Amino acid sequence: MSEITSSAPAMDVGDSSRFYVLEHHPENSTLLGFWLYLMSDCLVFACLFAAYAVLGRNYAGGPSGAELFELPVVALNTALLLFSSITYGFAMLEMQHQQRTKTLIWLAITGLLGACFIGLELTEFIHLIHDGAGPQRSGFLTAFFTLVGTHGLHVSFGIIWLITLMFQLGRHGFTPENTRRLMCLSMFWHFLDVVWIGVFTFVYLMGVLP
Amino acid sequence: MPEQINLAKLIFGRLTWDAIPLHEPILLLTFAMVAFGGVTVLGALTYFKLWTPLWRDWITSIDHKRIGIMYIVLGLVMMLRGFADALMMRAQQAMAFGDSTGFLPPHHYDQVFTAHGVIMIFFVAMPLVNGLMNYVVPLQIGARDVSFPFLNNLSFWFTAFGSFLVMASLFVGEFARTGWLAYPPLAGILASPDVGVDYYIWSLQIAGVGTLLSGVNLIATIIKMRAPGMTMMKMPVFVWTALCTNVLIVAAFPVLTAVLAMLSMDRTLGTNFFTSDMGGNAMMYVNLIWIWGHPEVYILVLPAFGVFSEVVPTFCNKRIFGYTSMVYASVVITILAYLVWLHHFFTMGSGASVNSFFGITTMIISIPTGAKIFNWLFTMYRGRIRFELPMMWTIAFMITFVIGGMTGVLLAVPPADFVVHNSLFLIAHFHNVIIGGVVFGMFAGINFWFPKAFGYKLDTFWGKCSFWFWVIGFYAAFMPLYVLGLMGVTRRLSHFDDPSLQIWFIIAAFGAFLILLGIGSFVIQLIVSFKNREALRDTTGDPWGGRSLEWSTSSPPPDYNFAFTPHVHNRDAWTDMKNNKFVRPITGFVKIHMPKNTPAGFIIAAFSFAVGFALIWQMWLLATIGFVAMIAVIIIHTFNYNRDYYISADDVVRTENARTYLLNSHV
Amino acid sequence: MKFSASSTPTFRSALLCLSPILLAGCSTVVLNPSGDIALQQGRLLLISTMLMLLIIVPVIALICVFSWKYRQSNTEARYDPEWDHSTSLELIIWGAPLLIIIVLGLLTWIGTHTLDPYRKLDRLDAARPIPLNTKALRVEVVALDWKWLFIYPDLNIATVNELAAPVDVPIVFTITASTVMNSFSIPALAGQIYAMPGMQTKLNAVINRAGVYDGFSANYSGAGFSDMKFKFHGMDQTAFNQWVQTVKAEKMLDSQGYVQLEKPSIRVPVIHFGSVDANLYHTILNRCVGGNAMCMDQMMMVDAQSNKRTSSVANITTKAIRFAEIDNAICTTTPSLVKVNNNARAN
C-alpha cells in the first residue's frame, strides 16, 4: 500500500472527518420496493374496477349478472381464499419461530387452497362460456371476465411463486433473502385477498341485486 | 394437407413475405442506410475487439452510471429516427398544396406522424429523463448505486427492446396509423385490422413495464439510500423532482398497462371494452389513456425543472431562491397532475360543469409552475451569472416555456379550446413546452454532467452552434403553427387546398431544417470533444464550481462512487464541504460491497421482444414458448443467491491514490 | 479556475415569440369569425391572452434584464450569494398568478356554461336577442368514412358534403358517426364537437353573415381524413329556400342508399337527396340500419329489464338454450318482437 503524501498545506483534518463515515450500510429497500410495486398493481385493478363500473350494466341484450352468478360457488371460493390467507399467516408465524418444516406445511396448504380457488373459478368460466356468456358476448361480460380473470391470474402467479419459494426454503433455509421473499409473498397474497373482497362485493353481490 | 397448413399458421401466424415492404422506396432506402450503418458498427466492434468489453462492462452492467449513459444513448439515437419523421412531415406539409399531393401518400404519412409522436415521447424523452435521473440521483444522495441494481438493468433492456420493436415495424409489417394515442374505434380491429396497432401496443407494454420498475427503484433509492445526515429537506432539488417524477410513474403507468391490455384484448380476443355495438364504450379509452397521458407529460418535464434547479445556482454562484417553495411547488404539481386529464378532450361533450372543473384545475397547476420560474429568476437576481452552455439552455428554456405555458392556459378555457382543439395551435403549444422544457432541459443536463460522466467537457463552440440553431429553429418551426391554428387549420392533414397557408408551412419547414443543423452540430460537438478530450479534460471532478455531492467525486467517478459515504450537514452539501475547507481523506480505505453484473436482464428483455413480436404476428406457438422461457429465466435467476462481491481495500487504495496524484499534478 | 463568459441571449427570441400575436390579428378565422358563438369564443381567447400577458411580459423582461445586469463581467452589480429567501416576494410570486387565475377561473366558469354547445342560444349576436317564435333549424349530422351526411328532418332533405343555413336563424345540430370518432368543426360558426358512433352530441350555433365557410373533421379518422371537407353556406332566407328547392328535386335517401353511402370512399362530391326516410337517422344513431340488428335503444331497454330481475334459474341447460334463443332473436328481431322475448326470458 503506497501512499502519496499530499503537497497541499496542512489543514485541520479533524474538521473534514465530520463530512464522511467510515462504514455505511444502507437500509434494505426490498419491502418498500415491493410495497410500491403492489400499489401500482392496485392501480391496475382500480382501472379494471373502473371499467367494470362503466360497462357493468351493458348486457347488450344478453344475460346479466343476476342470471349468471351462482352465489354458493362464489361463497365457497371466498372461503377458500380467505382461509388460504389465514394459513399463510400461520406460515409466517412459524417462520418467526424459525420452524422450517412447519412453515413448509402451512405454505403447502395455502398453495392447495389457492389451487382449489383457481380450479373452481376456471370451472365457473368454462360453464359461462359454454352457455354463450363468454367475454365476447357483451361489455358487461368483457369487464367481468377481465377483472375476475386478472385476479385469478395473479393468484396463479402467486402459487408458482409459492412453489418456487418452498424449493428455495428447503434448500437454503431462513436466510435474510428468503425471509424477505416470504414477507413479500405475504403482502402479495393478502393484497389479492383484499382485491377479492372488492370483487365479490361489487361484482357478485351487487351484480345480483336489482 | 390440412395438418401442414395448420402447422405453418401455428409457427408463422400471419407473418408472410408480403410483410416486407419491398415496394416502398423510402423504406428500402432507410433499410439500406440502417443496414450500412449497422454493418459499420458491428464491423468496428469486431475490428477493435470490443465485443467482450461491450458485454462485460455495458450490456450486463448493473452500475447506475453505465445504465444512465445507455439510456441517454438510446434516447439520442431514437431522436434521430423521430426527427427524421418530423422532417418528412414538414416537407410533406410544405409541398402538398392544390394538385400536388406531396411525396407521402396518406397510408405512409399517417404512419409517420403516429411514429413521430410515439418515438419522441416513449423512446426519446423518457429514456433521456430516466438516464439523467439514473446517473445523477445516487451520486447526489451520496449512495453507491440504486436500491435494486439488477432491476435497473432489466428496466433499461425492457425500454431498449420496446424501441427495437418499434424499429422492426419499419421493415417487417407496418406501424399504426392512428395518432400517438391510438383511440378506438379507429384503433380497434374493424378499422385497423393490420399489425400496426399491435406493434404500438406491445412496444409500449414492454417499455412501460421497464419504466414502472425503474419508478419503483428510484423511489426506494431516494427514501432509503440517502447518505447519513441528508434529511429530505437537505436533498438537492433535482432529487426532489426525481422523487416526484417517479411517484408519478408508479401511479400513472399501471393505467397505461391496463388500457393497452384492454385494447389488445378487444383486437385479439374480440372482447367489448371499446366497441360500438356490444356494450363497449370508446370514451372510456379516451379517459383512461389521458389519466395516464397527463401525468406522463409531468413525468417528462419535472426532471427538466430539476436540472434547471441545479444549473441556475451553480452558474449564478448563489443559493437557490426559495428552496422550501420549490419543494412544495413540485409536490403540488405532482398531485394536481392527476386532476386535469379531461382538458385533453373538452370537445367530447362532457357538459359545462365538468369541463369548467377540469379547466380550472388546469389553470391552478400553472401557479406552482410559475412559482418555480420566479424562484429561478430570483436566484439569478444578485448573483454572478456565467453563461456557460447549461445556463444558456436554461435562459432559452425560461423564455420559451413561459410562452408555451401561456398558450396552455389559453387552451385550458373550454370554450376557447372548442375552436383550437386538435388544431396546429395545439401542436404548437405542446411542442413549445416539450421542446422548450424537456429538450432544452436535457441539453442543459447533458452539457452540465457530461464532464462528470466522461472526464472531459464538451466543446463550447459547437455547443453554441447547436444551441442557436435549435432555439432559432424552434421558433421558426412552431410560431407559424400558432398562426395556422388561428387560421383554422387542423392537425394530421397530409395535403391542403388553400394556397394562402403554404408560406407558413414553408417557414416551418425551414425551422425544421435549422433544428436539423442543431442536431448535426450536437453530433459534431460530441466528436470534436472526444478528439480534443485532453485539452478539455476535467481533472478536479468539479469543473463548474458545483454545489452537490456528485462534484466531490472524480470525473468519471469510480465504480463505487464514494470511497467513504459522505456525512451531510446542510443543503448544497459539496459547497458546505468546500466552505469548511474539506480535505479529501487519502488513507484508511476499506473493502466495499458491490453488486455483480448479470446477463439475466438482457435475456429476459430479449425474450419479451420475442413474445411481443410473436403476439403481433399471431405466432401463438412462439409466443407461448417465449413467455414460458421468460418466466423460467426469471425463476432460475431467483435461485442465484450469489449476486454480490467486494472491491478489495487494495483496489480502493489504488483508485484513490490515482485520483490524489491527478489532483496534485494539476494544482 | 477561470470560467469563460459566453454571449448572453438577446431580445431576439422575445421578439420572435411576440410577432405571431401581432400577425394573428389579420384574417384568422378564429379571431374573426362569422358566427356569434365562435365570436364569443374568440373573444375569450383574446381576453385570456391579455390576462396571461400581464404575467408573461414582465417575466420575460425580467429574464432579459437579470441576465444582462447580473452577468459575471458586471462587477458593479450587487452580489448577494447567501440571499435565498424573502417572504414578501414569495407572497407576490404565489399571489399574483393566483389572482389572475381566480379572474380567469371565473371567466371560465361563466363562459363555459354560456357557451355550452348543448345550451340553447339566447341571442343572435351581441346586439340582438332571438326574435319570438323563431323556429330553430334542425340538422342531423353523420360523420362517415370519409364524408359528411347532413339530414334536415324538418325539411325532409339530405346532403353529402354540403351544408347550408339561413343567416340569423339558430341552428341545432345533433351529431353522430358511423364507424370511428370524428369532430364536427366549422371554425367560422362555432367550436367543434366530437362525432362518435352510437352516441349523439349536440351543437347550438347561428351564422350572422352570409358567406361560404370551411367545414372539416378535426379528429383524425383514417385514410380519407385529409379530404373529409365540406363547405358551409350561410345565405339569406330567400336564397336558402331556393337552395332547399334545388335539393328537393333529387332522389330519396333510404336505408339501402345509406348502406351504399356508408362504404369507405374519399373525395366524395356533393350529393343532394330530395327526401329522406324519416326513421333513417334514428337507425343510424342506434346502429340498426336495414333491420339486421337490434337497435341500441331497444337493447338498453332490454338491459334495463334485466336489471330489474333477480337471480332465479338453477338449471344450466335451460339457461343455455334460452340464451341461445334470445341471441337468435336479437340478431333478426323487429321492434314488435322485443316484448315477446321479454316474456320468454321471464319464464
Side-chain angles (χ1 to χ4, degrees), chain A residues 1-8 11-13 15-30 32-34 36-37 39-48 50-51 54-55 58-60 62 135-143 145-146 160 164 167-168 171-172 175 177 181, chain B residues 143 147-148 151 212-213 215-217 219-221 223-225 227-228 250-251 253-255 257-259 262 265 269-273 275 277-281 284 288 562 564-569 577 580-588 590 631 635 638-639 641 650 653 657 660-661 664 667:
Chain A
M1 258 203 296
S2 61
E3 289 171 60
I4 299 171
T5 43
S6 168
S7 59
M11 294 290 166
D12 190 349
V13 183
D15 259 344
S16 290
S17 66
R18 67 188 191 98
F19 287 112
Y20 58 89
V21 295
L22 289 174
E23 286 215 30
H24 177 66
H25 301 288
E27 291 170 45
N28 187 277
S29 319
T30 305
L32 173 66
F34 190 78
L36 289 166
Y37 151 73
M39 289 302 98
S40 78
D41 216 3
C42 188
L43 254 157
V44 172
F45 278 105
C47 290
L48 296 178
V54 171
L55 303 177
N58 293 3
Y59 309 127
Q136 294 89 347
R137 177 61 186 82
S138 63
F140 153 68
L141 282 162
T142 293
F145 272 92
T146 310
I160 297 175
T164 312
F167 274 113
Q168 289 167 345
R171 195 186 283 199
H172 299 280
T175 60
E177 290 85 13
R181 291 174 185 188
Chain B
S147 284
F148 307 111
L151 208 63
L212 177 68
L213 292 175
V216 170
N217 212 342
I219 295 178
T221 306
I223 304 265
K224 288 284 197 179
M225 301 199 52
V250 171
F253 268 79
V255 181
T257 308
V259 73
M262 292 182 205
M265 283 174 69
L269 299 175
T271 50
N272 290 297
F273 282 107
T275 54
D277 290 299
M278 299 291 280
N281 191 334
M284 188 171 68
L288 285 172
F562 303 93
F564 294 121
T565 300
H567 190 127
V568 169
H569 299 277
M577 288 158 80
N580 283 286
K581 301 189 174 36
F582 170 77
V583 170
R584 183 182 144 262
I586 52 178
T587 59
V590 296
I631 301 294
I635 293 179
T638 66
F639 277 88
Y641 285 77
D650 277 354
V653 167
N657 281 350
T660 312
Y661 180 73
N664 290 341
V667 164

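Because the structure is a prediction, the values reported are computed rather than measured. Heavy atoms only: backbone and side chains are in, while hydrogens, waters and symmetry mates are out. Chain identifiers are assigned alphabetically (A, B, ...) following the order of the sequence lines, protein sequences preceding nucleic acid strands; residue numbering begins at 1 within each chain.
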With N272(B) via side chain to side chain donor-acceptor pair (under 3.5 Å) - residues at least two apart
T275(B)
For chain A, find which of L288(B), L213(B), L269(B) contributes the most heavy-atom pairs closer than 4.5 angstrom.
L269(B)
Below 4.5 Å, heavy-atom pairs only: which of Y641(B), F562(B), F582(B) has the largest tally toward chain A?
Y641(B)
The test is side-chain contact (heavy atoms from CB on, under 4.5 Å); show your working for V216(B) and F34(A) and say whether it passes.
CA-CA 8 Å; V216(B) 170; F34(A) 190 78; over 6 Å; no
Rounded to the nearest 0.5 Å, what separates atom [atom1] in [X] from atom [atom2] in [Y]?
X: F145(A); Y: T271(B); atom1: CZ; atom2: OG1; value: 11.5 Å
X: Y20(A); Y: M577(B); atom1: OH; atom2: CE; value: 9.5 Å
X: M284(B); Y: C47(A); atom1: CE; atom2: SG; value: 9.5 Å
X: M265(B); Y: T142(A); atom1: CE; atom2: OG1; value: 7.0 Å
X: R18(A); Y: H569(B); atom1: CZ; atom2: NE2; value: 4.5 Å

Just wondering, are more than 12 heavy atoms of other shown residues or ligands nearer than 6.0 Å to CZ in F167(A)?
no
Go through it in stages, so that I can follow the logic: the residues are S29(A) and S147(B), the test is side-chain hydrogen bond (donor to acceptor under 3.5 Å, both in side chains), and I'd like the CA-CA distance, side-chain angles, deciding distance and then a yes or no.
CA-CA 6 Å; S29(A) 319; S147(B) 284; 2.8 Å; yes
Taking side chain as everything from C-beta outward and backbone as N, CA, C, O, which of these in H25(A) sits under 4.5 Å from a heavy atom of chain B? Side chain, backbone, both or neither.
neither
Which atoms of T175(A) come close to chain B, meaning under 4.5 Å heavy atom to heavy atom: side chain ones, backbone ones, both, or neither?
side chain
So, for F564(B) and H24(A), is the gap between ring centers shorter than 6.0 Å?
no
Of the non-hydrogen atoms in [X] and [Y], which two are nearest, and what is the gap between them?
X: L55(A); Y: G279(B); value: CD2-O, 3.3 Å
X: L36(A); Y: A220(B); value: CD1-N, 4.1 Å
X: L212(B); Y: S40(A); value: CD2-OG, 3.6 Å

Apply side-chain contact (heavy atoms from CB on, under 4.5 Å) to the pair V590(B) and L22(A), showing each step before the final yes or no.
CA-CA 8 Å; V590(B) 296; L22(A) 289 174; over 6 Å; no
Taking C-beta and beyond as the side chain, do [X] and [Y] meet within less than 4.5 Å on heavy atoms?
X: V250(B); Y: L43(A); answer: no
X: P26(A); Y: M225(B); answer: yes
X: F19(A); Y: V568(B); answer: no

Go through I635(B) and I160(A) one step at a time and tell me if the side-chain contact (heavy atoms from CB on, under 4.5 Å) criterion holds.
CA-CA 9 Å; I635(B) 293 179; I160(A) 297 175; 3.8 Å; yes
Under 4.5 Å heavy-atom distance to chain A, tell me which part of L151(B) shows up: side chain, backbone, both or neither.
neither
Name the region of F253(B), side chain, backbone, both or neither, that has any atom closer than 4.5 Å to a heavy atom of chain A.
neither
Hey, which of E177(A), R181(A), R171(A) has the most heavy atom pairs under 4.5 Å with chain B?
R181(A)
F148(B): what forms a ring pair (Phe, Tyr, Trp, His ring centres under 6.0 Å) with it, not counting sequence neighbours?
none
Derivation and outcome, side-chain contact (heavy atoms from CB on, under 4.5 Å), residues K224(B) and N28(A)
CA-CA 7 Å; K224(B) 288 284 197 179; N28(A) 187 277; over 6 Å; no
